[in-house]
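The structure under discussion appears below in the form of structure tokens.
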Amino acid sequence: GNGRAKKYVFVLRGAQGDRSRLDSLQDGSYLAEFLLEKGYSVHGIIRRSSSFNTARIDHIFDKVSLHYGDLVDSSNLASIMAKVKPDEVYNLAAQSHVKVSFEEPEYTAQADGVGTLRLLEAIRTVGLEKTTRFYQASTSELYGMVQEVPQKESTPFYPRSPYAVAKLYAYWIVVNYREAYEMFAVNGILFNHESPRRGGTFVTKKVTANVAQVVAGTRSRILLGNLDSKRDWGHAKDYVRMMWMMLQCEKPDDFVVATNKQYSVRDLVTLCFEMVGRPLIWRGQGLQEEGVDEKTGHVVVQVSEKYFRPTEVETLLGDPAKARAKLGWTGDRGPTGDRPTPETDPNSLMTI
Ligand code: GDP
């Protein structure tokens with residue numbers, strides 16, 4: 001208790017002006033909604049840019065105090081910290097797309113790696129290191145070439161992209177600042193989490209949006225990369241609640257958040273077409289594999305090398321036992337049996 005009625009929070013959101021970098025708006029918008037409901041005063045950092053389109057979530061950010069800032073500008077971060085004196089800081093700022101990180105590795109290292117250090121230093125510079133709690137958006141991508149199945153907090157990391165390598169630095173600098181300066185700083189190792197607000201270049205949103213276009217007759221086929229890739233997919237809305245839970249613990253600690261269920265990209269595509277009453281038949285292998293509309297015989301899914309990554313994370317499966325025991329995580333939305341439908345849950349991933 002510092003005597004203030006409301007707590008101040010920083011939700012850092014990603015760069016604007018480039019569609020590939022709008023992705024952290026998913027978690028930032030759900031977290032802002034969640035915290036506003038809890039009575040927090042919510043502050044955010046946005047980058048200046050000439051063009052950006054956030055129409056989908058403007059209703060949320062209208063209630064957030066926005067500050068112009070950038071994770072590559074240390075003095076700017078320190079002055080924002082001094083002005084707001086946040087009780088909790090959520091570092092969701094990142095270039096968050098794995099494929100993009102191969103094309104912009106240095107920018108990714110700056111924003112996702114050293115950017116985390118700059119933010120921690122900004123908190124220290126203004127003397128808030130003993131009072132401000134810090135959440136770092138760590139990621140299952142750290143496990144990369146997985147060393148153990150399922151992956152838990154103690155599983156060794158093996159990053160497989162410039163994105164994951166940058167996030168590895170961020171992970172360890174958070175641990176180091178916790179140990180060196182006794183900061184309340186934690187890593188949430190979140191497995192993939194999706195929603196209708198997910199950026200359009202991530203596979204779940206790409207598939208659901210493209211299936212809708214195929215059904216509407218505005219697209220003839222969907223081009224995808226590695227169909228064998230397996231992920232542990234959860235809902236972003238559930239996962240942002242766990243970010244907050246981690247900062248309410250007595251002691252700072254790192255947690256895996258996952259569903260402990262795994263599906264392939266092919267499973268996702270099969271399910272989406274099934275849900276719109278257009279079941280698929282798969283034929284062929286490798287680059288020749290294709291998904292055929294059972295009723296019309298048209299090829300609606302094809303593989304394109306363009307979407308392969310130079311090094312791929314083939315399989316991710318998280319073990320959330322620690323989060324279950326200490327944070328009360330239930331892995332909420334559960335397996336296919338109780339999958340939310342568009343009728344019961346307007347935020348369902350499958351609302352296409
Ligand atoms: P990531 O797990 O953070 O890389 O999230 P993505 O949603 O971008 O990718 C999940 C998996 O889907 C990865 O293994 C991708 O290689 C695979 N994938 C297959 N086809 C595509 C595609 O067309 N786009 C994307 N983004 N991923 C694809």
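A quick note: this is a predicted structure, and the numbers were derived from the prediction, not measured. Just so you know, ligand 1 is whichever comes first in the structure, and atom 1 is the first atom listed for that ligand. For reference, positions follow the sequence shown, starting with 1. Basis for what follows: all heavy atoms, side chains included, without hydrogens, waters or symmetry-related copies.
When each atom of ligand 1 is checked for a heavy atom of E141 under 4.0 Å away, the hits are 1 (P), 2 (O), 3 (O), 4 (O). Those atoms of ligand 1 with a heavy atom of V98 less than 4.0 angstrom away are 3 (O), 4 (O).
Checking only distances, K206 does come within under 3.5 Å of ligand 1, N or O to N or O. Checking only distances, T201 does come within under 3.5 Å of ligand 1, N or O to N or O. Not one N or O of R198 is nearer than 3.5 Å to an N or O of ligand 1, by distance alone. For ligand 1, none of its N or O atoms has an N or O atom of F202 under 3.5 Å away. Residue V265 has no nitrogen or oxygen atom sitting less than 3.5 Å from a nitrogen or oxygen atom of ligand 1, judged on distance alone. By the 3.5 Å distance cut-off applied to N or O atoms, Y307 is not counted among the residues near ligand 1.
Taking atom 8 (O) of ligand 1 as the reference point, the nearest protein heavy-atom neighbour is R309 NH2, 3.0 Å. In this structure, atom 16 (O) of ligand 1 lies nearest to the protein heavy atom E312 OE2, 2.6 Å. Nearest protein neighbour of atom 2 (O) of ligand 1, counting heavy atoms only, is R231 NE, 2.8 Å. Given atom 5 (O) of ligand 1, the protein heavy atom at minimum distance is N192 ND2, 3.5 Å. For atom 11 (C) of ligand 1, the closest non-hydrogen atom of the protein is S229 OG, 3.8 Å. Among protein heavy atoms, the minimum distance from atom 20 (N) of ligand 1 is reached at G225 N, 2.8 Å. For atom 27 (N) of ligand 1, the closest non-hydrogen atom of the protein is V203 CB, 3.5 Å.
In this pair, W172 and F157 present their aromatic rings perpendicular. The plane angle is above 60°, beyond the 30 to 60° band. Between Y239 and W329, the ring planes are perpendicular. Angles over 60° get that label, and only those under 30° would be called parallel.
No hydrogens or angles considered: a donor-acceptor pair under 3.5 Å links the side chains of E121 and Y177. Checked by atom type, the side-chain pair Q248/E88 shows a donor-acceptor distance below 3.5 Å. S140 and Q151 share no side-chain donor-acceptor pair at under 3.5 Å. Side-chain contact annotation: S264 with D267, donor-acceptor N/O pair under 3.5 Å present. In this structure, a donor-acceptor pair under 3.5 Å is absent between the side chains of T204 and R198.
With a heavy-atom cut-off of 4.0 Å, L224 touches ligand 1 through backbone and side chain alike.
By the 6.0 Å and 45° rule, K322 stacks over the aromatic ring of F255.
Between the side chain of R178 and the backbone N or O of A185, at least one donor-acceptor pair lies under 3.5 Å.
No salt bridge links R124 with E182; every basic N to acidic carboxylate O contact stays at or beyond 4.0 Å.
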